Amino acid sequence: MNWEMLAALGQLAAVFVGIPSLIYLAVQIREQTKERRQSAVNVLTAQWGDLTCALHDSAELSAIFLRGVQSFADLDAVSKLRFSSFFNRFFNHFEAMYFSYLDGILTASAWGKIDRTLSDFIAYPGIRQWWETRKHWHTEEFGHVVEAIIARGDEPKAYSTYNLREIVAPETSS
């Protein structure tokens, strides 16, 4: 056996050892990517849950919410502030989910669910009035998404069975 043959055998051994190592590495990277994606989705879901807790934890905020979706313009100043603060968080969350979708973290079906939810909210005149006053707080890319939803002209139906005309602010103790 000469040196050339030994070198060829060494290279052949390196191939047999290297290929399985590369396959193992690729599998590990793919699994880590799936775990990171699932972790990001879990964080977004938890944040969404925390945000919506504000509505079921506060009858006053719920009443402001239901009056505000009908007409942001008709809310008093304090109610406008509370409504605006809530929807700023809401839309920031939607925006984060939109960019997560663009980055491949959220699947198309997950984004579809979010888009339908966002569409239900944007269909209400009070949300559109609020958006006109706050759209400059969001990225242009997300603004185009919201404007495209508005352009579809969906009818407000998410709260169609709630008899919104009877919503009044609950009395609060001083």
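For the numbers below, each heavy atom of this structure counts, side chains included, while hydrogens, waters and symmetry mates do not. Owing to the predicted nature of the structure, the values given are computational and were not obtained by experimental measurement.
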Please report the closest heavy-atom contact between [X] and [Y], naming both atoms and the distance.
X	Y	value
Ala123	Asp154	CB-O, 3.5 Å
Ile149	Ser119	CG2-OG, 3.6 Å
Phe83	Gly126	CE2-O, 4.4 Å

* Asked: Should the heavy atoms of other residues, nucleotides or ligands under 6.0 Å from CD of Gln28 be counted, would the total exceed 12?
  ->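 Counting other residues, nucleotides and ligands, CD of Gln28 exceeds 12 neighbours.
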* **Separation of Ile122 CD1 from Arg152 CZ (nearest 0.5 Å)** =>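 So the gap between those two atoms works out to 8.0 Å.
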* Point-to-point distance, once rounded to the nearest 0.5 Å, from CZ of Phe87 to CG of Asn92 -> 12.5 Å
Quick check: does any side chain N or O of [X] sit under 3.5 Å from a backbone N or O of [Y], one acting as donor and the other as acceptor?
X	Y	value
Ser62	Ser58	yes
Thr117	Lys113	yes
Tyr124	Tyr159	yes
Gln129	Ser71	no

Taking a hydrophobic cluster as the set of Ile, Leu, Val, Met, Phe, Trp and Tyr residues connected by side-chain heavy atoms closer than 4.5 Å, whether directly or through intermediates, do [X] and [Y] fall within one such cluster?
X	Y	value
Trp137	Phe94	no
Tyr162	Ile64	yes
Leu81	Leu61	no

* Specify whether Tyr98 and Phe142 have parallel, tilted or perpendicular ring planes, treating 30° as the upper limit for parallel and 60° as the lower limit for perpendicular. =>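 Ring orientation, 0 to 90° scale: tilted.
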* side chain to side chain contact (heavy atoms under 4.5 Å, CB included) assessment of Phe72 paired with Ile127 -> CA-CA 7 Å; Phe72 178 69; Ile127 304 297; over 6 Å; no
* Show your reasoning for whether side chain to side chain contact (heavy atoms under 4.5 Å, CB included) applies to Arg134 and Asn88. => CA-CA 8 Å; Arg134 301 296 188 273; Asn88 185 52; 5.7 Å; no
* When you look at Ile114 and Leu106, which way does the side chain to side chain contact (heavy atoms under 4.5 Å, CB included) test go after all the steps? -> CA-CA 10 Å; Ile114 295 160; Leu106 292 177; 3.7 Å; yes
* Asked: Are Arg128 and Trp131 in a cation-pi contact, defined as NZ or CZ under 6.0 Å from the six-membered ring centre and within 45° of the axis?
  -> no
* Asked: Do Ser79 and Asp76 pass the side chain to side chain donor-acceptor pair (under 3.5 Å) test, and can you show the C-alpha distance, the side-chain angles, and the key distance before you say yes or no?
  -> CA-CA 5 Å; Ser79 294; Asp76 63 87; 2.8 Å; yes
* Given ring pair (Phe, Tyr, Trp, His ring centres under 6.0 Å), test Trp130 with Phe91 step by step and report yes or no. => CA-CA 11 Å; Trp130 172 83; Phe91 273 62; 5.0 Å; yes
* Taking the side chain as every heavy atom from C-beta outward, state whether Phe99 and Thr139 have any pair of such atoms under 4.5 Å apart. =>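 Touching, per the 4.5 Å side-chain cut-off.
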* List the steps and the verdict of side chain to side chain contact (heavy atoms under 4.5 Å, CB included) for Val146 and His138. => CA-CA 10 Å; Val146 173; His138 298 275; over 6 Å; no
* To do: Would you mind telling me which of Arg89, Met97, Glu95 makes a side chain to side chain contact (heavy atoms under 4.5 Å, CB included) with His93?
  => Met97
